[in-house]
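Comments concern the structure below.
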Amino acid sequence: MTKHDTLHKTQKSSKPYQTKEHIILSYLSLIRSKKWDKISVIEICKKAEITRGTFYQYFGDIYDLMEQLEGALLEELKARYHVCPRIRLTAVATSDFTKRFDYTPPQSLLTWFDFCRDHREAMLSLLDRKYGDTYFVKKLKVILRENVEAMMDSEGTAKDELRTHFVEVFVELHLLSVQTWLSSETGEFLSVDDIVNLLNTMRVGSMYLTWKRNTDPEFEKKMKNKE
């Protein structure tokens with residue numbers, strides 16, 4: 001264990017840290033039934049069973065609480081993506097594509113779900129379509145989009161119009177799949193491995209179709225189902 005890990009563990013075990021986390025979790029639980037910016041400090045204090053003075057020791061107001069919470073989440077997600085190993089470059093237009101292309105799910109897909117699992121309560125509340133924070137979702141999309149672009153760059157995917165649409169759809173699927181997964185209380189939804197494989201199927205399919213477009217003269221005709 002490094003000095004940083006030891007310090008982080010000590011901070012988490014401190015009473016101020018635990019009190020702050022308790023306030024945040026109480027606030028997140030309230031978002032399940034009320035819009036995040038309509039919740040009052042009094043409601044949070046009642047839920048957390050603390051005084052208003054205790055709340056103001058940690059946060060200036062609701063917006064400060066949200067800014068601290070979301071800022072920390074976004075920075076952590078960036079950091080996790082930063083240490084993800086890059087996929088080796090694969091030129092899709094070569095004749096040995098089927099031998100060289102790595103269909104293994106990239107680590108970045110697993111990173112997204114690991115992150116959401118580690119912050120389940122926060123992600124469930126903040127991504128809530130009715131009561132969550134749409135601005136947070138927009139910021140998340142920027143990070144997800146940058147990661148998908150980096151993944152496709154590392155694989156040599158052409159930067160064409162189709163790629164632009166693929167990235168947007170892929171990002172939306174990141175959010176949709178994790179919302180469905182986290183909100184499944186019965187455990188009947190797909191496992192993380194199953195979801196990752198579904199997303200990866202889309203990635204592999206896009207690479208394969210790009211290769212076919214560059215190597216098969218009949219590609220456009222086949223794709224349009226012409227006789």
Side-chain angles (χ1 to χ4, degrees), residues 1-84 110-147 171-172 174-187 189 192:
M1 181 179 292
T2 66
K3 290 183 178 180
H4 178 271
D5 292 333
T6 301
L7 177 61
H8 189 58
K9 184 176 181 180
T10 301
Q11 290 174 336
K12 280 192 170 184
S13 63
S14 68
K15 185 175 180 180
Y17 179 91
Q18 292 178 352
T19 300
K20 186 174 183 178
E21 285 298 294
H22 180 57
I23 295 172
I24 290 175
L25 288 174
S26 298
Y27 173 58
L28 290 171
S29 67
L30 292 170
I31 296 178
R32 305 290 180 80
S33 57
K34 191 173 184 178
K35 182 69 175 175
W36 72 269
D37 57 349
K38 302 301 181 183
I39 299 171
S40 69
V41 172
I42 294 177
E43 289 175 297
I44 296 174
C45 291
K46 182 178 180 181
K47 181 71 175 179
E49 298 182 334
I50 59 171
T51 65
R52 293 180 66 184
T54 299
F55 176 90
Y56 288 118
Q57 287 179 24
Y58 299 94
F59 308 104
D61 52 26
I62 296 297
Y63 299 98
D64 180 40
L65 188 162
M66 197 62 135
E67 183 177 352
Q68 289 190 46
L69 169 61
E70 295 181 347
L73 289 171
L74 294 170
E75 286 304 313
E76 181 180 333
L77 181 59
K78 289 179 183 178
R80 292 197 187 198
Y81 276 141
H82 182 70
V83 298
C84 279
L110 292 170
T111 293
W112 166 242
F113 287 96
D114 286 341
F115 170 79
C116 292
R117 176 167 46 203
D118 291 344
H119 299 285
R120 183 177 186 277
E121 295 304 316
M123 297 303 286
L124 259 178
S125 298
L126 299 178
L127 295 180
D128 188 276
R129 295 181 182 87
K130 186 175 182 181
Y131 300 120
D133 185 4
T134 55
Y135 293 105
F136 175 69
V137 175
K138 288 181 179 179
K139 293 175 183 178
L140 265 182
K141 285 182 178 181
V142 171
I143 298 174
L144 291 171
R145 192 177 295 115
E146 289 174 349
N147 176 68
V171 167
E172 292 296 334
H174 271 67
L175 293 169
L176 177 61
S177 58
V178 85
Q179 286 172 320
T180 308
W181 171 56
L182 290 178
S183 61
S184 177
E185 300 291 346
T186 63
F189 193 61
V192 171

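A pairwise comparison of heavy atoms in Thr54 and Tyr58 identifies O-CD1, 3.1 Å as the closest pair. Between Gln179 and Arg129, the shortest heavy-atom distance links the atoms OE1-NH2, 3.0 Å. Leu73 and Ala122 get closest at one heavy-atom pair: CD1-CB, 4.0 Å.
Ionic pairing of Arg80 and Glu76 is present here: one or more N-O contacts between side-chain nitrogen and carboxylate oxygen are shorter than 4.0 angstrom. Taking the charged nitrogens against the carboxylate oxygens, Glu43 and Lys46 have no contact shorter than 4.0 Å, which rules out a salt bridge.
Within the model, atoms NE2 of His119 and OG of Ser125 stand 13.5 Å from one another, a figure rounded to the nearest 0.5 Å. The distance from the CD1 atom of Ile39 to the OG atom of Ser33 is 7.0 Å, given to the nearest 0.5 Å. For the atom pair CG (Leu25) and NZ (Lys47), the distance works out to 11.0 Å, reported to the nearest 0.5 Å. Atom CG in Leu69 sits 11.0 Å away from atom CG in Asp64 (nearest 0.5 Å). Considering CG of Leu77 and CE of Met123, their distance stands at 7.5 Å, rounded to 0.5 Å. Residue Ile143 holds its CD1 atom at 4.5 Å from CG of Leu74, rounded to the nearest 0.5 Å.
Within a 6.0 Å radius of CD in Glu67, no more than 12 heavy atoms belonging to other residues, nucleotides or ligands are found. Other residues, nucleotides and ligands contribute at most 12 non-hydrogen atoms within 6.0 Å of the NZ atom of Lys38.
Looking only at side-chain heavy atoms (C-beta outward), Leu126 and Trp36 stay at 4.5 Å or farther from each other. Between Phe55 and Leu65 there is a side-chain heavy-atom pair separated by less than 4.5 Å. The closest side-chain heavy-atom distance from Asp37 to Tyr63 is below 4.5 Å. With a 4.5 Å cut-off on side-chain heavy atoms, Arg145 and His174 do not count as touching. Between Ile24 and Gln68, the closest side-chain pair of non-hydrogen atoms is not below 4.5 Å. Side-chain contact between Ile62 and Ile44: present, with at least one pair of heavy atoms (C-beta onward) separated by less than 4.5 Å.
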Name every donor-acceptor pair, under 3.5 Å, that has one atom in a side chain of residues 134-142 and the other anywhere in the protein, sequence neighbours excluded.
from   : atom 1 : to     : atom 2 : distance (Å)
Lys141 : NZ     : Glu172 : OE2    : 2.6

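Take Asp61 and apply the side-chain hydrogen bond (donor to acceptor under 3.5 Å, both in side chains) test, not counting sequence neighbours, and it matches no residue. Residues satisfying the ring-ring contact (aromatic ring centres under 6.0 Å, His included) criterion with Tyr27, sequence neighbours excluded, are absent altogether.
Donor-acceptor pairing under 3.5 Å is lacking for the side chains of Ser29 and Ser26.
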- Task: Check the pair Cys116, Phe113 against side chain to side chain contact (heavy atoms under 4.5 Å, CB included), reporting the backbone distance first and the verdict last.
- Result: CA-CA 5 Å; Cys116 292; Phe113 287 96; 5.6 Å; no
- Task: Would you sort out whether Asn147 and Thr111 count as a side chain to side chain contact (heavy atoms under 4.5 Å, CB included), showing the intermediate values?
- Result: CA-CA 11 Å; Asn147 176 68; Thr111 293; over 6 Å; no
- Task: Given side chain to side chain contact (heavy atoms under 4.5 Å, CB included), test Lys20 with Phe59 step by step and report yes or no.
- Result: CA-CA 9 Å; Lys20 186 174 183 178; Phe59 308 104; 3.6 Å; yes
